[in-house]
**Student:** 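Take a look at this one; I'll ask things after.
The model shown is predicted, which means the values in this text are computed figures rather than measured ones.
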Amino acid sequence: MSDTPLPHVPDPAYAAISVQVLQRMFALLDILASRDEPLSLKEISEKAGLHPSTTHRILNDLVIGRFVERPDTGSYRLGMRFLELGNLVKARLSVRDAAVSVMRELHRQVQQPINLSVRQGDEIVYIERAFNSERSGMQVVRAIGGHAPLHLTSTGKLFLSMDDPQKVRAYATRTGLQGNTRNSITQLPQLERELSHVRQSGVARDNEELELGVRCMAAGIYNDQGTMIAGLSISAPAHRIDESWIEKLRDAANQISTSIGYRGKDLMRR
């Protein structure tokens, strides 16, 4: 059996992928997804038009990553990792859908950019924004899909405040607490003190730590299990930040939390 090229790729779009091993991996995943029952190595190889040794090597790597399972020797099916990632994407989509109108209203009230962010490893990722750059006077706009270190952002500090001290120390070790500006927190004791304040108030701040001239405040969004899954933040030029926005921010975050099923104690006012 020839090893190149693939005579059949389930999705024609894969033909544009420049890395051949990724093209083959996607093809194998599509083949596994096309059947409910596990498939043998021989069946998968034949459908993909790949040599069994090549198919076996790629499948083994996918098994290590838990994207593929091996229920019996020589048979394969999609793994639970896809379910985990699917649930994560579903949660992000649902919180985004619930947040959009609330974010627009909050933006109308404060006339500054409103950000919705989630945690991804040691960073936050911006998944929605409501802003008018001309009226806010913001010079730097972080696009949807942008990311930033946890310890340099208001929402990131909220997520870190949910971690126990050991996890916070591990984060500091992994990242080295690299700074972006002269205001950045780069020492563990300082970060621990900051997180203690966040836990007490339920609100976190970025004091020009990510970008000079920009300050932020954030409140958490919680799901029906009482777990913080996102953060809602207001960004503003440093000289315009207004502490009276905190109650508006908390109310907006509470409204989003309630709409996605949160019914517990108001964690944002601890």
Side-chain angles (χ1 to χ4, degrees), residues 95-96 98-119 123-133 135-144 146-163 179-185 190-222 228-258 262 266-270:
V95 73
R96 175 188 283 172
V100 169
S101 61
V102 179
M103 293 174 67
R104 288 173 180 165
E105 174 58 21
L106 182 58
H107 173 261
R108 187 192 67 78
Q109 294 176 21
V110 303
Q111 292 297 310
Q112 299 297 330
I114 310 301
N115 314 291
L116 181 69
S117 311
V118 296
R119 181 174 185 170
E123 298 181 315
I124 63 161
V125 177
Y126 299 88
I127 63 172
E128 191 57 78
R129 303 196 86 228
F131 71 99
N132 182 319
S133 59
R135 297 187 68 176
S136 69
M138 296 289 286
Q139 298 301 309
V140 179
V141 174
R142 292 197 167 266
I144 295 173
H147 51 88
L150 296 175
H151 67 288
L152 299 183
T153 61
S154 54
T155 293
K157 290 175 186 176
L158 283 173
F159 278 111
L160 283 174
S161 75
M162 299 295 161
D163 287 347
N180 272 28
T181 76
R182 60 177 178 269
N183 288 5
S184 299
I185 293 176
Q190 184 184 3
L191 177 61
E192 290 173 331
R193 288 192 296 271
E194 179 85 355
L195 297 181
S196 178
H197 293 318
V198 172
R199 294 185 189 101
Q200 292 172 12
S201 66
V203 174
R205 292 171 173 79
D206 161 15
N207 182 31
E208 300 184 71
E209 296 161 56
L210 183 64
E211 299 165 1
L212 286 175
V214 179
R215 294 173 64 192
C216 305
M217 53 177 64
I221 295 171
Y222 300 82
M228 182 180 158
I229 60 169
L232 188 69
S233 64
I234 301 173
S235 302
H239 66 281
R240 290 191 190 176
I241 203 79
D242 188 336
E243 290 299 308
S244 70
W245 295 341
I246 290 178
E247 287 307 309
K248 295 181 176 66
L249 176 64
R250 280 174 163 158
D251 289 344
N254 274 324
Q255 186 178 340
I256 299 168
S257 297
T258 300
Y262 179 65
D266 183 0
L267 297 177
M268 285 165 276
R269 295 179 183 270
R270 291 181 304 173

**Student:** Strictly distance-based, threshold 3.5 Å: is any side-chain N or O of S196 a donor or acceptor partner for the main-chain N or O of E192?
**Tutor:** no
**Student:** List the atom of Y126, the atom of N115, and the distance in Å for their closest heavy-atom pair.
**Tutor:**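 So the two residues come closest at CD2-CB, 4.1 Å.
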**Student:** I'd like to check the side-chain hydrogen bond (donor to acceptor under 3.5 Å, both in side chains) partners of D163; sequence neighbours left out, ordered by chain and number.
**Tutor:**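 Partners of D163 by the side-chain hydrogen bond (donor to acceptor under 3.5 Å, both in side chains) criterion, ordered by chain and then number, come out as R119.
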**Student:** At their closest point, which heavy atom of P149 faces which heavy atom of L210, and how far apart are they?
**Tutor:**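 So the minimum-distance heavy-atom pair works out to CD-CD1, 4.5 Å.
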**Student:** Pick one: which of V100, L106, V102 meets side-chain contact (heavy atoms from CB on, under 4.5 Å) with R104?
**Tutor:** V100
**Student:** Do P237 and Q112 have side-chain heavy atoms sitting under 4.5 Å apart?
**Tutor:** yes
**Student:** Any chance you could measure K248, atom NZ, to L232, atom CG, to the nearest 0.5 Å?
**Tutor:**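 With rounding to 0.5 Å, NZ (K248) is 14.0 Å from CG (L232).
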**Student:** Nearest 0.5 Å, please: how far is CG in N207 from CD1 in I241?
**Tutor:**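 I241 CD1 to N207 CG: 9.5 Å, rounded to 0.5 Å.
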**Student:** Just grab all the salt bridge (Lys or Arg N to Asp or Glu O under 4.0 Å) pairs involving residues 106-116, residues at least two apart or on different chains.
**Tutor:**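 For residues 106-116, and leaving out neighbouring residues, the salt bridge (Lys or Arg N to Asp or Glu O under 4.0 Å) pairs sorted by first residue read E105-R108.
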**Student:** So, T153 and D206: side-chain donor and acceptor under 3.5 Å apart, yes or no?
**Tutor:**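 Short answer, no.
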**Student:** State, yes or no, whether a side-chain contact exists between I124 and L150 at a heavy-atom distance under 4.5 Å.
**Tutor:**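 Yes. Closest side-chain heavy atoms under 4.5 Å.
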**Student:** Not counting sequence neighbours, list each pair that qualifies as a salt bridge (Lys or Arg N to Asp or Glu O under 4.0 Å) and has a residue in residues 146-159.
**Tutor:**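 Qualifying pairs: K157-E194, K157-E209.
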**Student:** So which atom in C216 and which in S154 form the shortest heavy-atom distance, rounded to 0.1 Å?
**Tutor:**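 That closest heavy-atom pairing would be CB-OG, 3.6 Å.
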**Student:** Kindly give the heavy-atom pair with the smallest separation between S235 and V214, and that separation in Å.
**Tutor:** CB-CG1, 4.4 Å
**Student:** Under the 3.5 angstrom rule, does the side chain of S233 hit a backbone N or O of A218 as a donor-acceptor pair?
**Tutor:**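 It does not hold such a pair.
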**Student:** S117: which residues meet the side-chain hydrogen bond (donor to acceptor under 3.5 Å, both in side chains) condition with it, sequence neighbours left out?
**Tutor:** none
**Student:** With E208, which residues qualify under side-chain hydrogen bond (donor to acceptor under 3.5 Å, both in side chains), at least two apart?
**Tutor:**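 Testing E208 for side-chain hydrogen bond (donor to acceptor under 3.5 Å, both in side chains), a comparison that skips the adjacent residues, returns none.
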**Student:** What pairs with T181 under side chain to side chain contact (heavy atoms under 4.5 Å, CB included), at least two apart in sequence or on another chain?
**Tutor:**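 Residues passing side chain to side chain contact (heavy atoms under 4.5 Å, CB included) with T181: N183, S184, L212.
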**Student:** Atom CZ of F159 and atom CD1 of I229: how far apart are they, to the nearest 0.5 Å?
**Tutor:**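 If we round to the nearest 0.5 Å, F159:CZ and I229:CD1 are 8.0 Å apart.
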**Student:** Not counting sequence neighbours, which residues clear side-chain hydrogen bond (donor to acceptor under 3.5 Å, both in side chains) with R96? List them please.
**Tutor:**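 So R96 forms no side-chain hydrogen bond (donor to acceptor under 3.5 Å, both in side chains) with any residue.
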**Student:** With side chain to side chain contact (heavy atoms under 4.5 Å, CB included) as the criterion, how do H151 and Q190 come out once you've worked through the C-alpha distance, each side chain's angles and the decisive distance to 0.1 Å?
**Tutor:** CA-CA 11 Å; H151 67 288; Q190 184 184 3; over 6 Å; no
**Student:** Any heavy-atom pair between the side chains of V95 and I221 that's under 4.5 Å?
**Tutor:**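 Yes. Closest side-chain heavy atoms under 4.5 Å.
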**Student:** Taking only residues two or more places apart in sequence, or in another chain, which ones meet A99 in a side chain to side chain contact (heavy atoms under 4.5 Å, CB included)?
**Tutor:**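 Here the qualifying residues are M103, L116, I256.
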**Student:** Roughly how far, to the nearest 0.5 Å, is the CG atom of N254 from the CG atom of L249?
**Tutor:**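 Nearest 0.5 Å value for the CG-CG distance: 9.5 Å.
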**Student:** Within the 4.5 Å heavy-atom criterion, are I234 and Q109 side-chain neighbours or not?
**Tutor:**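 No - every pair of side-chain heavy atoms lies 4.5 Å or more apart.
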**Student:** Which heavy atom of W245 sits nearest a heavy atom of A236, and at what distance?
**Tutor:** CZ3-CB, 3.8 Å
**Student:** For A219 versus L158, what's the shortest heavy-atom pair and its separation?
**Tutor:**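 So the minimum-distance heavy-atom pair works out to C-CD1, 3.4 Å.
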